[in-house]
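First comes the structure, then the notes that go with it.
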Amino acid sequence: MRRTKEEAEETKKKIVEAAVELFEINGYEATRIEDVADKVGLTRGAVYWHFKSKIDLYEYILTMFEKRLDRLIEESLQETTSPASRLRWLIVNMITRQEILVGFRQMKMVTISNLRVIKTSDILQKRGEKAADKYM
C-alpha cells in the first residue's frame with residue numbers, strides 16, 4: 001500500500017515523539033531504534049526509512065527545536081520594537097506556547113539525559129556547540 005506524503009509525515013512525527021520519550025526515560029545510549037519502532041507499532045526498517053541512523057533522528061529533534069525558536073525570534077521582531085518589550089514578549093511566549101514547551105522538553109532530553117553521549121560523539125558535541133553559539 002502506497003502511503004501519502006501526509007501519512008508519512010504523521011508517521012515521522014510519531015517516531016520523533018516516541019524517541020523523545022524513550023531518550024528522556026532511558027537515555028540516548030540505552031534506547032534502540034527497535035524500541036522506538038515497537039513504541040510506535042512499526043518495524044525497524046520503517047523507522048530507518050525516515051531516519052538513516054539514531055544520530056540522524058537525534059539531530060532531527062534538535063533541528064526541529066531550533067526552527068521553533070527561530071520562528072519565535074522572528075515573530076518577536078515583528079511584534080515589538082524595544083529590546084525590553086521584545087524580551088518580555090519572548091519570555092511570555094516561550095512559557096505559554098505548547099510547541100516551545102515540547103521543544104524545551106526535547107532539549108532537556110538532549111542536554112541532561114545524554115551528557116555522556118554528547119561528550120563521546122563528535123557529531124553531537126559539535127551540533128550542541130553550534131546551537132549554543134547561535135542562541136547565545
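If you're wondering where the values come from, they're calculated on a predicted model, not measured in any experiment.
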Quiz item: Sequence neighbours excluded, which residues qualify as salt bridge (charged side-chain N to carboxylate O under 4.0 Å, His left out) partners of Arg88?
Solution: none

Quiz item: Could you walk me through whether Asp35 and Arg32 pass the salt bridge (Lys or Arg N to Asp or Glu O under 4.0 Å) check?
Solution: CA-CA 5 Å; Asp35 300 328; Arg32 302 170 303 151; 2.7 Å; yes

Practice problem: Using atom types as modelled and distance alone, determine if a side-chain donor or acceptor of Glu59 lies under 3.5 Å from a backbone N or O of Asp56. | Solution: no

Exercise. Could you check if a side-chain atom of Glu75 sits within less than 4.5 angstrom of a side-chain atom of Arg71, using non-hydrogen atoms only?
Key: no

Quiz item: Within the side chain of Thr31, is there an N or O that forms a donor-acceptor pair under 3.5 Å with the backbone of Asn26?
Solution: no

Self-check item: Interatomic distance, Thr11 atom OG1 to Glu7 atom CD [nearest 0.5 angstrom]
Solution: 7.0 Å

Practice problem: Please name all residues satisfying side-chain hydrogen bond (donor to acceptor under 3.5 Å, both in side chains) with Glu10, sequence neighbours left out, ordered by chain then number. | Solution: none

Quiz item: Under 3.5 Å, side chain of Tyr28 to main-chain N/O of Ile55, donor-acceptor pair present?
Solution: yes

Please list, one pair per line, the donor and acceptor atoms closer than 3.5 Å that link side chains of residues 37-52 to other protein atoms, with sequence neighbours excluded.
unit_1, atom_1, unit_2, atom_2, d
Lys39, NZ, Glu21, OE2, 3.3
Thr43, OG1, Ala46, N, 3.1

Quiz item: How about Lys54 and Phe23: do any of their side-chain heavy atoms sit closer than 4.5 Å?
Solution: yes

Quiz prompt | Interatomic spacing from NZ in Lys12 to CG in Leu57 - rounded to 0.5 Å | solution = 9.5 Å

Self-check item: Euclidean distance, Ser82 OG relative to Leu87 CG, rounded to 0.5 Å
Solution: 9.5 Å

